[in-house]
**Q** 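Got a structure for you, written out below as structure tokens; questions coming shortly.
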There are 2 protein chains.
Amino acid sequence: MSLRQFEYALAVAEEGSVTAAAELLHVAQPSVSQQIRGLERELGVELFARTPTGLVPTVVGRAFLREAEVAVSAARRARATARAGAHELVGELVVAVQMGFGTRQLPGALGALRRRFPRLEVTVFEEPSSAELERLGRRGVLDLALMAACEQTPADAHHLGDEEFVVVLGAGHPQLAADRVELRELEGEPWVRFDRDSALDGVLMSVLRDNDLTPATAARVSQTATAVRWAAHGLGVTLVPASAVPQGHEHLVRPVSPVVSQPVIAVVRHGAGPAETALLELLRHETWSESASFSPVS
Amino acid sequence: MSLRQFEYALAVAEEGSVTAAAELLHVAQPSVSQQIRGLERELGVELFARTPTGLVPTVVGRAFLREAEVAVSAARRARATARAGAHELVGELVVAVQMGFGTRQLPGALGALRRRFPRLEVTVFEEPSSAELERLGRRGVLDLALMAACEQTPADAHHLGDEEFVVVLGAGHPQLAADRVELRELEGEPWVRFDRDSALDGVLMSVLRDNDLTPATAARVSQTATAVRWAAHGLGVTLVPASAVPQGHEHLVRPVSPVVSQPVIAVVRHGAGPAETALLELLRHETWSESASFSPVS
DNA sequence: GAGCCGATGAGCCTTCGTCAGTTCGAGTAC
DNA sequence: GTACTCGAACTGACGAAGGCTCATCGGCTC
């Protein structure tokens with residue numbers, strides 16, 4: 001049972017005779033005859049009724065040909081898709097981002113990618129933990145991963161820039177008066193934290209530890225936008241990447257001292273093709289080091 | 001580009017490695033390796049990225065595999081359909097009926113066929129002219145044709161029975177008093193006739209000629225049911241097969257003298273399979289010679 | 001260095017394609 | 001009605017191509 005047999009059977013049905021089908025397919029007549037016979041023998045059914053003037057599909061033959069048509073056209077589509085991929089970029093690029101990193105840069109890069117390769121679809125997964133990210137990468141599901149550097153960063157990772165972290169304070173918080181918040185001044189504040197085992201929570205914990213602060217957990221959330229909103233409502237203070245602050249909350253945000261920043265890396269998978277490389281280049285050209293644009297209301 | 005290559009590629013994508021795929025497919029590892037390479041060479045694209053632990057589909061590879069999956073499953077369905085047809089009857093049986101013949105018997109036979117072979121679909125074409133019917137038959141479109149015998153009836157036609165013709169009179173027509181209408185008594189009546197070149201019109205014309213009647217045409221219609229309805233409304237009289245009289249008009253119908261009847265034949269096409277034969281047998285077992293059940297209201 | 005994975009090359013065998021010739025049925029001329 | 005011709009599909013033999021297997025090599029991981 002091969003595609004060739006299907007195509008021959010369809011041609012015979014279309015033309016109504018083996019001879020005409022053979023001509024259409026640019027092969028000799030016995031070749032078509034043999035293929036049809038072989039197919040019928042393998043299936044154990046008569047697909048065509050032999051008349052003196054040619055071959056006519058039987059009842060089962062027509063039912064078979066309907067499905068065969070689907071198979072053949074799908075095969076043609078598959079080939080066309082692949083061949084198109086040789087020149088243009090087509091397909092689906094799967095990207096994973098560590099929650100909160102590159103939130104500002106990624107849309108720009110993806111927009112540019114889409115403009116350059118309209119037939120390239122992109123799916124983005126947002127994962128909180130770097131462990132899960134690594135697991136997906138190992139399984140080959142991901143084409144490109146965007147994450148904070150950690151101890152086990154592979155050697156072939158591409159350093160894109162640094163993500164500066166900022167605190168979000170509740171409305172009316174006394175520290176909003178300062179241009180830059182001294183972390184030690186936040187002693188005793190309750191914190192809006194992130195999911196256990198998430199990279200963001202890891203950053204927060206190490207920052208608190210480095211500044212001799214005791215972590216009082218007000219709540220745990222999984223998304224940075226939620227953390228910012230809750231902090232704005234006065235539930236506690238939180239620490240998020242600067243690029244992850246949603247619009248409308250800028251006035252509650254302050255850079256911290258000492259500065260907290262994390263190198264952001266991109267990992268493309270083994271045997272990366274032109275699509276991955278293109279996205280990587282676009283990400284490189286985004287602005288990563290941005291002068292903190294948060295300050296007290298003047 | 002063959003189905004085998006598609007299956008191999010899908011297996012590799014599924015298993016994540018050539019070795020595992022080969023095991024799954026019960027072939028040696030180099031075989032799978034070669035097929036994948038051949039496919040990639042033919043398409044001019046890298047479908048899989050080679051990693052130390054196995055093969056992972058690339059961006060275009062995934063787009064290709066999506067279509068390949070469709071092709072392979074359609075091929076499987078095609079095979080399953082055909083194999084099912086070897087034991088059970090599946091598919092679509094195309095039947096053509098000469099307008100007005102077997103109108104009563106066909107539904108019964110088709111119902112029985114459907115009960116015995118639920119997966120066999122039947123399509124019925126109603127054609128007015130025998131020439132068109134023959135043309136369709138010659139082109140191999142039809143599996144079975146039901147028609148009146150004519151001069152050029154082929155030798156392999158199956159005689160099913162005879163279709164008696166009856167007249168339909170307008171309400172209040174004086175001849176309704178008789179059990180059987182003498183055709184000569186209809187001299188001067190306008191007739192509701194049938195489409196030019198239709199078999200029914202041919203029957204009507206030869207009957208009128210045989211009885212020395214002059215045909216006065218009141219109207220021409222293409223369907224027997226319409227002819228009966230128009231005749232019932234007093235537009236004229238008409239002559240239709242007894243089995244074609246729709247319910248509710250029986251009181252306006254009378255057999256004629258001399259008796260008009262046409263042999264009804266079934267023609268199955270060259271190389272008829274079990275489906276055609278089954279329907280033919282069922283048609284044979286329907287009652288064709290029926291004592292005329294039309295009479296004046298008692 | 002052991003072990004796993006994919007790639008490669010040689011040999012065997014199946015399968016496909018072609019050419020020749022045969023069979024069968026339909027249409028036609030006499 | 002018979003014989004002839006033509007066109008259709010089938011059959012068999014042969015050469016070519018491709019698929020499968022075995023043994024082996026090169027790379028990478030642990």
Side-chain angles (χ1 to χ4, degrees), chain A residues 1-9 11-42 46-58 61 134 137-140 152 154-156 269-271, chain B residues 1-9 11-43 46-58 61 134-135 137-140 152-157 267 269-272:
Chain A
M1 207 188 55
S2 72
L3 271 181
R4 170 167 295 115
Q5 292 175 318
F6 283 21
E7 287 168 340
Y8 281 21
V12 168
E14 180 79 20
E15 297 290 319
S17 92
V18 172
T19 310
E23 200 168 328
L24 185 73
L25 297 162
H26 302 111
V27 291
Q29 170 265 321
S31 182
V32 179
S33 208
Q34 284 177 51
Q35 292 292 336
I36 300 291
R37 292 224 146 245
L39 189 58
E40 288 181 326
R41 186 161 35 77
E42 183 183 342
E46 238 197 356
L47 296 176
F48 294 92
R50 273 70 174 175
T51 76
T53 64
L55 269 67
V56 176
T58 62
E134 194 151 341
R138 284 209 174 277
R139 278 180 47 202
Q152 45 194 326
D156 59 345
R269 72 118 176 270
H270 236 94
Chain B
M1 206 189 54
S2 71
L3 271 181
R4 168 166 297 114
Q5 291 175 318
F6 283 21
E7 286 169 340
Y8 282 21
V12 168
E14 179 79 20
E15 296 291 318
S17 93
V18 171
T19 310
E23 201 168 329
L24 184 73
L25 296 162
H26 301 111
V27 291
Q29 169 264 319
S31 183
V32 179
S33 206
Q34 286 179 71
Q35 292 292 337
I36 301 292
R37 292 224 145 243
L39 188 59
E40 288 181 326
R41 185 161 35 78
E42 183 183 343
L43 296 172
E46 238 197 356
L47 296 176
F48 294 92
R50 273 69 174 175
T51 75
T53 64
L55 269 65
V56 178
T58 62
E134 194 153 337
R135 207 178 61 81
R138 283 205 177 280
R139 277 179 48 201
Q152 44 194 330
T153 295
D156 58 344
V267 181
R269 72 117 176 269
H270 237 93

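Chain identifiers are assigned alphabetically (A, B, ...) following the order of the sequence lines, protein sequences preceding nucleic acid strands; residue numbering begins at 1 within each chain.
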**Q** Rounding to a whole Å, what distance do you find between L25(A):CG and dC16(C):P?
**A** 15 Å

**Q** What is the distance, to the nearest angstrom, from the CD1 atom on I36(B) to the P atom on dT8(C)?
**A** 14 Å

**Q** Decide yes or no on side chain to side chain contact (heavy atoms under 4.5 Å, CB included) for V32(A) and E23(A), but give the supporting numbers first.
**A** CA-CA 10 Å; V32(A) 179; E23(A) 200 168 328; over 6 Å; no

**Q** From CD of Q5(B) over to P of dC20(D), roughly how many Å is that when rounded to an integer?
**A** 10 Å

**Q** Return the value, rounded to whole Å, for the distance between atom CD of E7(B) and atom C1' of dG19(D).
**A** 14 Å

**Q** Using whole Å, what does the distance between atom P of nucleotide dG6(C) and atom OH of Y8(B) come to?
**A** 15 Å

**Q** Name the closest nucleotide to the T19(A) side chain, picking from dA8(D), dG17(C), dC5(C).
**A** dA8(D)

**Q** With a 3.5 Å distance limit and no angle check, can you tell me whether E40(B) reaches the backbone of F48(B) through a side-chain donor-acceptor pair?
**A** yes

**Q** Base, sugar-phosphate or nothing for F48(B)? Non-hydrogen atoms, less than 4.0 Å.
**A** nothing

**Q** Could you check which of dC19(C), dC16(C), dC5(C) has an atom nearest any side-chain atom of R4(A)?
**A** dC16(C)

**Q** Measure the distance from CE on M1(B) to P on dG18(D) and round it to the nearest whole Å.
**A** 15 Å

**Q** Is the phosphate of dA9(D), meaning OP1 or OP2, less than 4.0 Å from a side-chain N or O of S33(A)?
**A** no

**Q** Nearest to the side chain of R37(B), heavy atoms from C-beta on, is which of dC28(D), dT8(C), dC5(C)?
**A** dT8(C)

**Q** Side-chain N or O of Q29(B) less than 4.0 angstrom from OP1 or OP2 on dC5(C)?
**A** no

**Q** For the pair made of CD in E42(A) and P in dC16(C), what is the distance, rounded to whole Å?
**A** 10 Å

**Q** Considering non-hydrogen atoms only, spot the tightest contact between A13(B) and P57(B) and give its length.
**A** CB-CG, 4.3 Å

**Q** Considering every strand and a 4.0 Å limit on heavy-atom distances, what is the contact class for S31(A): base, sugar-phosphate, or nothing?
**A** base

**Q** Is the phosphate of dC20(D), meaning OP1 or OP2, less than 4.0 Å from a side-chain N or O of Q35(B)?
**A** yes

**Q** Is any side-chain heavy atom of R269(A) less than 4.5 Å from a side-chain heavy atom of T58(B)?
**A** yes

**Q** Does the side chain of L39(B) come within less than 4.5 Å of Y8(B)'s, by heavy atoms?
**A** no

**Q** Looking only at the side chain of Q34(A) (C-beta and beyond, no hydrogens), which of the listed nucleotides dT29(D), dC20(D), dA13(D) gets closest?
**A** dA13(D)

**Q** Any side-chain N or O of T51(A) below 4.0 angstrom from OP1/OP2 of dA8(D)?
**A** no

**Q** When you measure from the side chain of L55(B), which nucleotide among dA8(D), dC22(D), dG6(C) comes out closest?
**A** dG6(C)

**Q** Whole Å only: how far is the CZ atom of R41(A) from the P atom of dC16(C)?
**A** 9 Å

**Q** Mapping A28(A) and T53(A) to their closest nucleotides on DNA chain C, which lands nearer the 5' end?
**A** A28(A)

